[in-house]
Amino acid sequence: MDRIIISPSKYVQGNGALANIGNYVKALGSKPLILADAFVTKLVGDTVATSFHGAGIKPEFDCFNGECSRPEIDRLLARYNQTPFDVIIGIGGGKTLDTAKSVAFYQKVPVVIVPTIASTDAPTSALAVIYTPEGQFSEYLMIPTNPNMVIMDTGVVSRAPVRLLVSGMGDALSTYFEARANKVSGSQTMAGGASTLAAQAIAELCYKTLLADGYKAKLAVEQGLCTKAVENIIEANTYLSGIGFESSGLAAAHAIHNGLTQLAECHHLYHGEKVAFGTLVQLVLENAPMAEIETVLGFCRSVGLPTNLHMMGVKELDMTRLMEVAKASTAEGETIHNMPFKVTAEDVLAAIVTAHQLGL
């Protein structure tokens with residue numbers, strides 16, 4: 001199997017980076033369509049418009065309706081057919097960004113991704129998640145290439161609610177451990193081949209950065225401040241974790257996340273909050289050294305990530321319901337089968353309960 005690593009063509013990060021978006025985008029096109037919801041437009045619209053004006057470009061804005069759905073994608077494609085834009089820019093949260101990716105894919109034009117939060121590692125990926133208009137999962141859209149550009153304005157991101165940044169740390173926490181499992185098993189990654197040394201190193205750096213700067217970054221963002229630690233964590237949550245998961249692979253932690261969606265009590269949790277607990281479950285499955293488990297537990301407690309089912313809203317441990325989680329986690333095609341050993345639903349149930357007890 002060939003080794004493959006994939007990434008955005010350009011990654012830009014800095015405090016105030018949005019003030020330069022016009023000059024960055026000018027290399028890609030001169031007729032941009034900017035997709036953002038009403039809140040984000042109010043937050044950064046003037047900065048973006050001023051930047052494009054300075055670059056001699058007049059962009060058009062479109063208000064995102066709140067759901068990355070086929071009807072919303074079709075609406076934007078119809079607008080595109082009326083005005084032939086040559087670059088699509090998505091500014092905001094994950095659903096806005098995935099919609100921009102989708103429209104750019106179908107129109108075969110460059111896409112620029114501008115997250116206003118750092119809650120997941122999805123912005124850099126060649127993937128969009130499409131939902132029904134009612135918000136139910138519909139399908140994955142696999143895109144042949146990663147975004148042409150990702151711009152992270154750390155000043156904007158650091159003023160978002162701290163729970164979003166912490167959730168991003170939970171998502172990023174799994175990157176190294178899932179990459180490590182894939183390296184041992186030799187499973188094919190989302191990039192379509194074997195992992196590279198570079199991708200493995202990036203995944204490990206992601207973990208080390210979380211341990212070094214996660215708590216400090218949380219304290220700063222609680223005050224709406226952007227420090228060097230915040231800069232480092234935003235890069236870890238977005239770029240290091242993004243390249244790490246896509247080019248090194250997913251394993252048990254994300255499959256456990258998917259299984260936890262069976263519990264209504266967990267629906268209020270962010271993606272990364274469930275993934276963090278999934279990481280603990282994966283470590284139990286691996287029978288990882290207790291020192292490593294304690295390090296992960298200590299990190300989660302320091303930043304406020306859940307370490308047990310009670311913290312996630314599950315008041316009582318119902319083995320029948322937890323077995324439903326375990327069965328969903330081990331369904332055919334789930335990434336848990338990238339682990340370097342066979343994993344059954346019974347194994348997962350035992351690991352979930354053990355991880356819960358460890359995290360009390």
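When side chains are defined from C-beta on, Tyr140 counts as touching Val129, because their heavy atoms get closer than 4.5 Å. Side-chain atoms of Ile233 and Val221, non-hydrogen and from C-beta on, never get closer than 4.5 Å to each other. Residues Asn15 and Asp153 meet the side-chain proximity criterion, which asks for heavy atoms closer than 4.5 Å. Counting heavy atoms from C-beta outward, Val112 and Asn148 have side chains that stay 4.5 Å or more apart. Residues Val150 and Pro115 are in side-chain contact: their nearest non-hydrogen atoms beyond the backbone lie under 4.5 Å apart. Using a 4.5 Å heavy-atom threshold, the side chains of Val109 and Leu28 count as separate. By the 4.5 Å heavy-atom criterion applied to side chains, Arg75 and Asp62 are counted as neighbours. Contact check for Thr96 versus Val40: no side-chain heavy atoms found under the 4.5 Å cut-off.
A donor-acceptor contact under 3.5 angstrom links the side chains of Glu231 and Thr154, judged on distance only. A side-chain donor-acceptor contact under 3.5 Å links Glu178 and Ser174. In the model, Ser248 has a side-chain atom that pairs as donor or acceptor with a side-chain atom of Ser195 under 3.5 Å. Inspection of the Asn258 and Thr261 side chains reveals no N or O donor paired with an N or O acceptor under 3.5 Å.
For Ser302 (side chain) and Phe299 (main-chain N/O), a donor-acceptor pair under 3.5 Å exists by modelled atom type. Of the possible donor and acceptor atoms, none in the side chain of Thr279 sits under 3.5 Å from a partner among the backbone N and O of Ala253. Looking only at distances, a side-chain donor or acceptor of Thr307 sits under 3.5 Å from a matching main-chain atom of Gly359. A donor-acceptor distance shorter than 3.5 angstrom exists from the side chain of Asp347 to the backbone of Thr344, with no hydrogens or angles considered. Side chain of Ser51 to backbone of Ile21: a donor-acceptor contact under 3.5 angstrom is found. Thr238 places no side-chain N or O within 3.5 Å of a backbone atom of Glu235 that could act as its donor or acceptor partner. In this structure, the side chain of Asn146 does not engage the main chain of Ser9 through any donor-acceptor pair within 3.5 Å. A donor-acceptor pair under 3.5 Å is absent between the side-chain atoms of Asp37 and the main chain of Phe64, judged by distance alone. Formation of a donor-acceptor pair under 3.5 Å by the Glu72 side chain with backbone atoms of Asn65 is found in this model. Between the side chain of Asp171 and the backbone N or O of Ser167, no donor-acceptor pair lies under 3.5 Å.
Enclosure of atom CG in Asp46 is not indicated, since only 12 or fewer non-hydrogen atoms of other residues, nucleotides or ligands lie within 6.0 angstrom. Atom OH of Tyr11 has more than 12 heavy atoms from other residues, nucleotides or ligands within 6.0 Å. Within 6.0 Å of NE2 on His310 lie more than 12 heavy atoms contributed by other residues, nucleotides or ligands.
Aromatic ring orientation, Tyr207 versus Phe177: perpendicular (interplanar angle above 60°, classes split at 30° and 60°). Ring geometry for Phe245 versus His254: interplanar angle under 30°, hence parallel rather than tilted (30 to 60°).
Interatomic distance, CZ of Arg180 versus CD of Gln200, reported as 10.5 Å (0.5 Å rounding). How far CG of Leu97 is from SG of Cys68: 9.5 Å, rounded to the nearest 0.5 Å. Here Leu205 contributes atom CG and Tyr239 contributes atom OH; the two are 11.0 Å apart, rounded to the nearest 0.5 Å. Atom CE of residue Met142 and atom CE of residue Met190 lie 4.5 Å apart, to the nearest 0.5 angstrom. Here Leu197 contributes atom CG and Ile202 contributes atom CD1; the two are 11.0 Å apart, rounded to the nearest 0.5 Å. Rounding to the nearest 0.5 Å gives a distance of 7.0 Å between OH of Tyr24 and NZ of Lys10.
Linking Ile, Leu, Val, Met, Phe, Trp and Tyr residues whenever their side-chain heavy atoms come within less than 4.5 Å leaves Tyr270 and Phe277 in two separate clusters. Linking ILVMFWY residues whenever their side-chain heavy atoms come closer than 4.5 Å, directly or via other members, leaves Tyr176 and Leu250 in distinct clusters. Criterion: ILVMFWY side-chain heavy atoms under 4.5 Å apart, direct or through other members. Under it, Ile243 and Val275 are not part of a common hydrophobic cluster. Linking Ile, Leu, Val, Met, Phe, Trp and Tyr whenever their side-chain heavy atoms come within less than 4.5 Å leaves Ile234 and Leu43 in two separate clusters. In terms of hydrophobic clustering, with Ile, Leu, Val, Met, Phe, Trp and Tyr side chains grouped at heavy-atom distances under 4.5 Å, Met319 and Val284 are assigned to a common cluster.
Contact detail for Ile91 and Ile34: the closest heavy-atom pair is CD1-CG2, 3.7 Å. Here the closest non-hydrogen pair linking Ala194 and Thr189 is C-CG2, 4.3 Å. Pairing each heavy atom of Gly186 with each of Met1, the nearest pair is O-CE, 3.3 Å.
Counting only residues at least two apart or in different chains, salt bridge (charged side-chain N to carboxylate O under 4.0 Å, His left out) contacts with residues 80-107 comprise Glu67-Lys95, Asp98-Lys101. The salt bridge (charged side-chain N to carboxylate O under 4.0 Å, His left out) pairs that include a residue from residues 263-284 are Arg163-Glu273, Glu265-Arg321, where partners are two or more places apart or lie in different chains.
Among residues two or more places apart in sequence or in another chain, the side-chain contact (heavy atoms from CB on, under 4.5 Å) test is passed with Met339 by Ala181, Ala251, Ala252, Gln282, Glu286, Ile336, Phe341, Val343.
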For this session: Would you please test Leu260 and Ile352 for side chain to side chain contact (heavy atoms under 4.5 Å, CB included) and show each step?
Result: CA-CA 10 Å; Leu260 288 168; Ile352 288 174; 5.5 Å; no
